[in-house]
Amino acid sequence: QVRLAESGGGLVQAGGSLRLSCVATGSTFTFDDMGWYRQAPGKQRELVASITAAGARIYGDSVKGRFTIIRETRENTVYLQMNSLKSEDTGVYYCNADGRPPSSALAYDYWGQGTQVTVSS
């Protein structure tokens, strides 16, 4: 069974940095995309950053130039380096991975439990 486990969240002052980590276990295949989403109180979940197995990256407009997504494909691990944090970056950050297991004709979307990031102004 595929599981995603996030770590690295916490409380930080505005202008500070945090590094989130997500490790996927139980997978026998390489994920297509891995990424990070976040959800602030009262708001919809939104894409923060994603990266394909080939290394192509997409960033949400609000984090471009401040956040960097890094993937170690062999280890099924993805990181999110967050710099110059702002209060509006506060939220629960979820790791996401999608891919098709070898025995399946369908692709699946996997989610972690989330890690809280709080930026104080």
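Along the sequence shown, the residues carry numbers beginning at 1.
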query: Would you say the side chain of Arg71 lies within less than 4.5 Å of the side chain of Tyr79, judging by non-hydrogen atoms?
result: no

- request: Sequence neighbours left out, what passes side-chain contact (heavy atoms from CB on, under 4.5 Å) with Asn96? Give chain and number order.
  value: Tyr37, Asp98, Asp109, Trp111

statement: Residue set satisfying side-chain contact (heavy atoms from CB on, under 4.5 Å) with Val12, at least two apart, ordered chain then number -> Leu18, Leu85, Val119

- request: Would you list the pairs meeting salt bridge (Lys or Arg N to Asp or Glu O under 4.0 Å) in which at least one residue belongs to residues 52-62, sequence neighbours left out?
  value: Asp61-Lys64

Test side-chain contact (heavy atoms from CB on, under 4.5 Å) applied to Trp36 and Glu6, step by step: CA-CA 10 Å; Trp36 293 91; Glu6 305 103 333; 3.8 Å; yes

- prompt: Sequence neighbours excluded, which residues qualify as side-chain hydrogen bond (donor to acceptor under 3.5 Å, both in side chains) partners of Ser17?
  reply: Asn83

message: Among residues at least two apart in sequence or on other chains, which ones pass side-chain contact (heavy atoms from CB on, under 4.5 Å) with Thr25?
response: Arg3, Val23

- prompt: Would a hydrophobic clustering, with Ile, Leu, Val, Met, Phe, Trp and Tyr connected at side-chain separations under 4.5 Å, put Val63 with Val92?
  reply: no

- prompt: Hey, quick one: are Val78 and Tyr110 part of the same hydrophobic cluster, counting side-chain heavy atoms closer than 4.5 Å, chains of contacts allowed?
  reply: yes

- line: By ring-ring contact (aromatic ring centres under 6.0 Å, His included), Phe29 pairs with (sequence neighbours left out) Phe31

- prompt: Roughly how far, to the nearest 0.5 Å, is the OG1 atom of Thr77 from the CG atom of Leu4?
  reply: 10.5 Å

field: Greater than 12 external heavy atoms within 6.0 Å of Glu46's CD
entry: yes

Qualifying disulfide bond (SG atoms under 2.5 Å apart) pairs with a residue from residues 83-121, counting only residues at least two apart or across chains: Cys22-Cys95

field: Min side-chain heavy-atom separation Leu80-Val48 under 4.5 Å
entry: yes

- line: The side-chain hydrogen bond (donor to acceptor under 3.5 Å, both in side chains) partners of Arg45 (sequence neighbours excluded) come to none

- prompt: Salt bridge or not for Asp89 and Arg66, using N-O below 4.0 Å?
  reply: yes

- prompt: In terms of hydrophobic clusters joined by side-chain contacts under 4.5 Å, are Val117 and Tyr94 together?
  reply: no

message: Give me the atom names and distance for the closest heavy-atom approach of Thr30 to Ala53.
response: CG2-CB, 4.3 Å

message: Which residues pass the side-chain contact (heavy atoms from CB on, under 4.5 Å) test with Ser87, not counting sequence neighbours?
response: Ser121

task: Using the test side-chain hydrogen bond (donor to acceptor under 3.5 Å, both in side chains), find all partners of Thr118 that sit at least two apart in sequence or belong to another chain.
output: Gln116

field: Greater than 12 external heavy atoms within 6.0 Å of Ile58's CD1
entry: no

task: Kindly indicate whether the side chain of Thr115, heavy atoms from C-beta on, has any atom under 4.5 Å from the side chain of Leu20.
output: yes

query: What heavy-atom pair brings Thr28 and Pro102 nearest, and what distance separates the two atoms?
result: OG1-CD, 4.0 Å

message: As an exercise, state the distance from CE of Met82 to OH of Tyr93, rounded to the nearest 0.5 Å.
response: 5.5 Å

query: ring-ring contact (aromatic ring centres under 6.0 Å, His included): which pairs involve residues 57-78, sequence neighbours left out?
result: none

statement: Residues passing the side-chain hydrogen bond (donor to acceptor under 3.5 Å, both in side chains) test with Ser7, sequence neighbours excluded, are none

- prompt: Is Arg19 close to Ile70 at the side-chain level, that is, under 4.5 Å between some pair of heavy atoms?
  reply: yes

query: Looking only at side chains, do Arg38 and Ser62 share a donor and an acceptor under 3.5 Å apart?
result: yes

- request: First locate atom CG of Asn76, then atom CE of Met34, and finally report the distance between them rounded to the nearest 0.5 Å.
  value: 5.5 Å

